[in-house]
2 protein chains.
Amino acid sequence: MSSSLDDVAQLAGVSPATVSRALRGLPSVAVTTRDRVRAAAAELGYVSSPSASSLASGRTATVGVVVPYLDRWYFSTVIAGAEKVLREAGMATLLYNIGDTAGRTRFFAELPLRKRVDAVLVLSLPLTEPETQALTGLDLPVVSVGQVAEGIPMVGIDDYAATRSAIRLLAQLGHRDIAFIGQLDPVPLGFPTPRARLRAYQDAMAEFELGEPMEADGHFTVSGGETAMTTLLTGAKRPTAVFAASDEMAFGALRGLRKTGLRVPEDVSVVGFDGHELTGLVDLTTVAQPVADQGATAARLLLDWLGDGTPPPSKTLLKTRLVLNGSTGPVPAA
Amino acid sequence: MSSSLDDVAQLAGVSPATVSRALRGLPSVAVTTRDRVRAAAAELGYVSSPSASSLASGRTATVGVVVPYLDRWYFSTVIAGAEKVLREAGMATLLYNIGDTAGRTRFFAELPLRKRVDAVLVLSLPLTEPETQALTGLDLPVVSVGQVAEGIPMVGIDDYAATRSAIRLLAQLGHRDIAFIGQLDPVPLGFPTPRARLRAYQDAMAEFELGEPMEADGHFTVSGGETAMTTLLTGAKRPTAVFAASDEMAFGALRGLRKTGLRVPEDVSVVGFDGHELTGLVDLTTVAQPVADQGATAARLLLDWLGDGTPPPSKTLLKTRLVLNGSTGPVPAA
DNA sequence: CTGAAAGCGCTAACAC
DNA sequence: GTGTTAGCGCTTTCAG
């Protein structure tokens, strides 16, 4: 049933080596032979065996994509962007979801990607030093999205500047008491993104000479955002505006405000971060980042690296933009 | 650097064949030998080459997951469910996003999964007859989620019954003029899910002796849902309740209602379908389906099939449940 | 329970 | 340009 290279060779009247060369489009094959080989291959419905060619060539034509979550908007969107580029380049995408701590430990201990892929894409996975070394130790091209780690080129956005622009917007609207919902505790694994956003908030509050920073932890979830909002509302000073370090947390904040009977933006303005697909739905002003694009860019860098052997620059930053919706307005008169 | 089976064999003082058997945990190896081999492998940091073993054994330890979208909540969640099960079973997940029509044609023409995977999971991909044949012609275990196709076992939900329960809920609340937002035009590729929901709606309207069916096409998108809602509101008879065949369309409907100044549920009740993670946020009553679970179940069926060679039942249906939130209420008095 | 031998189907030098 | 010759690193009969 399933035909081999040799069958094709026989049908085309050439050697197997020539078939291999012809089918891969190597230049060192006469055009006529190439066409003859192709015809023969088509006639037999020949498909090459990836395992055999990997074994012989050492290349797998596969890229491993390592993610901490699969079912969150941000991650699935980045993956979609990367997968498209890889697919169009004839590369297969091997998906690896890190999962919980146990899965994570196992992943870095066993490195199930070893000998299975030609390159690795790491998505927003905060890496410890040993983990970084495990990856770079694979001796394969590795590019990360949204994550800086020693020796791993990254694609991302300027979290600091983007956050700053959001705070500036609120300041320009007259707000002084601007609260922050994000991740506060020094996360064990040190996700750098949350930290940069928090730091930018703190710096901007000082720089624009606004009120005292008010911070609450929203754990990057909708419900966490709601809780954080509630906490902020019961504080000594009630904020007139809130910046949430993710749209999901901002969604939660909106819900918290609604439950408390406060109106947005009349009583409190809210700004989110990410450009989530549903910000339009709830009319949330947000700092939109190009999500799919980061995945696509990272994939392209990986392909180029694979092509010419030269690693990409250590940092590739894409632009964010402020998307004004109805959740922001001037500071209340009172 | 990278050691081979033979190195391990030498270190352990046995033959390569025995190493292979020991490392795979075959029963025909003495416990003492097995341990000795394992120790040797660990010492050398040995990792077997998947390509070599695939080539020799014909098995790839990989499952192909074919999807029409990657960045939609429903799909990424199903994938997450499946990937987890596969990963825990030591199977790799090869992701293939069909993409646009061109990509689709190419996919079924070339079947890039051929010889790369041991089994295939097809997610909610409406398949034409030839496409179905292309897949079953691979002669591999294939299971689909949410999609019936001749000869392909499926995992899904009872769309008809679930929709009926939503209409019944609205009927019990006193609503008679219940509109439907879904997919109306006979989709070329005949997604069966939308059809079942539409049919259930129509049947239920008759069965419960409610008003004349009012239908609008929402194309399964947020904005489509909004447009559909607007259309329905300008019709001869204004509905007091709306059933949307997906939460995304329901989100759009909510926005449409809000823009028109109508209150939910005082003026109009809304019910969605899916159990989207953000239904809680917008307080949408919905028919929740077990999404990740469908992926996980399908993956398990595939693994079992791979294990014992017996195909699963042609249909495995999981339970849905009505999640009551604030978007539904009794029919307005007027 | 273990070893020897024979490939799996392709690619890569190396000749011509 | 093309053929020849060796493997790539495993698994799998078949013996014993």
Side-chain angles (χ1 to χ4, degrees), chain A residues 1-38 40-41 44-62 90 92 112-118 139 306, chain B residues 1-38 40-41 44-62 90 92 112-118 139 306:
Chain A
M1 169 72 221
S2 195
S3 51
S4 76
L5 243 190
D6 301 71
D7 302 333
V8 180
Q10 204 163 355
L11 212 182
V14 292
S15 76
T18 299
V19 174
S20 170
R21 294 191 269 247
L23 260 25
R24 279 180 298 154
L26 296 195
S28 61
V29 178
V31 192
T32 53
T33 5
R34 174 163 52 65
D35 293 344
R36 196 146 35 88
V37 170
R38 284 198 182 152
L44 293 172
Y46 167 77
V47 203
S48 87
S49 153
S51 352
S53 80
S54 309
L55 184 55
S57 71
R59 273 165 276 110
T60 60
T62 302
L113 258 35
R114 260 192 293 191
K115 308 204 183 171
R116 284 190 159 271
V117 302
D118 292 340
D139 211 33
L306 242 22
Chain B
M1 169 73 221
S2 194
S3 50
S4 76
L5 240 190
D6 302 71
D7 301 333
V8 180
Q10 205 163 355
L11 213 183
V14 293
S15 75
T18 299
V19 174
S20 170
R21 294 190 269 245
L23 260 26
R24 281 180 295 153
L26 297 194
S28 61
V29 178
V31 191
T32 54
T33 350
R34 173 162 55 64
D35 292 345
R36 197 147 34 88
V37 170
R38 283 194 183 157
L44 293 172
Y46 167 77
V47 202
S48 85
S49 153
S51 350
S53 79
S54 308
L55 183 56
S57 71
R59 274 165 275 112
T60 62
T62 302
L113 256 35
R114 258 192 294 190
K115 307 205 183 173
R116 285 190 155 274
V117 302
D118 293 340
D139 209 32
L306 242 22

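The structure displayed is predicted, hence computed values, not measured ones. Proteins get letters first, then strands, A, B, ... in listed order; numbering begins at 1 in each.
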Original post:
Are the side chains of T62(B) and R116(A) in touch, meaning some heavy atoms are under 4.5 Å apart?
Top reply: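 Counting from C-beta outward, T62(B) and R116(A) do come under 4.5 Å.
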
**OP:** Nearest whole angstrom, please: distance from the P of dT2(D) to the CZ of R36(A).
**Re:**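 Going from CZ in R36(A) over to P in dT2(D) covers 8 Å.
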
Subject >> Interatomic distance, Q10(A) CD vs dG3(D) P [rounded to whole Å] >> reply: 13 Å

Subject >> Nearest atoms (heavy-atom pairs only) where K115(A) meets S48(B) >> reply: CD-O, 4.1 Å

**OP:** If a protein heavy atom is under 4.0 Å from the base, mark B; if only from the sugar-phosphate, S; if neither, -; do that for nucleotides 8-16 of chain D going 5' to 3'.
**Re:** BBBBBB---

Subject >> OH on Y46(B) to OG on S2(B), rounded to 0.5 Å >> reply: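 Taking OG in S2(B) and OH in Y46(B), the distance rounds to 9.0 Å.
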
**OP:** State the OG-CG distance between S57(B) and D118(B), to the nearest 0.5 angstrom.
**Re:**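 One gets 8.0 Å once the value is rounded to the nearest 0.5 Å.
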
Original post:
Testing V37(B), D6(B), L44(B), V19(B) for side chain to side chain contact (heavy atoms under 4.5 Å, CB included) with L11(B), which one passes?
Top reply: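 In the set V37(B), D6(B), L44(B), V19(B), the residue that makes a side chain to side chain contact (heavy atoms under 4.5 Å, CB included) with L11(B) is L44(B).
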
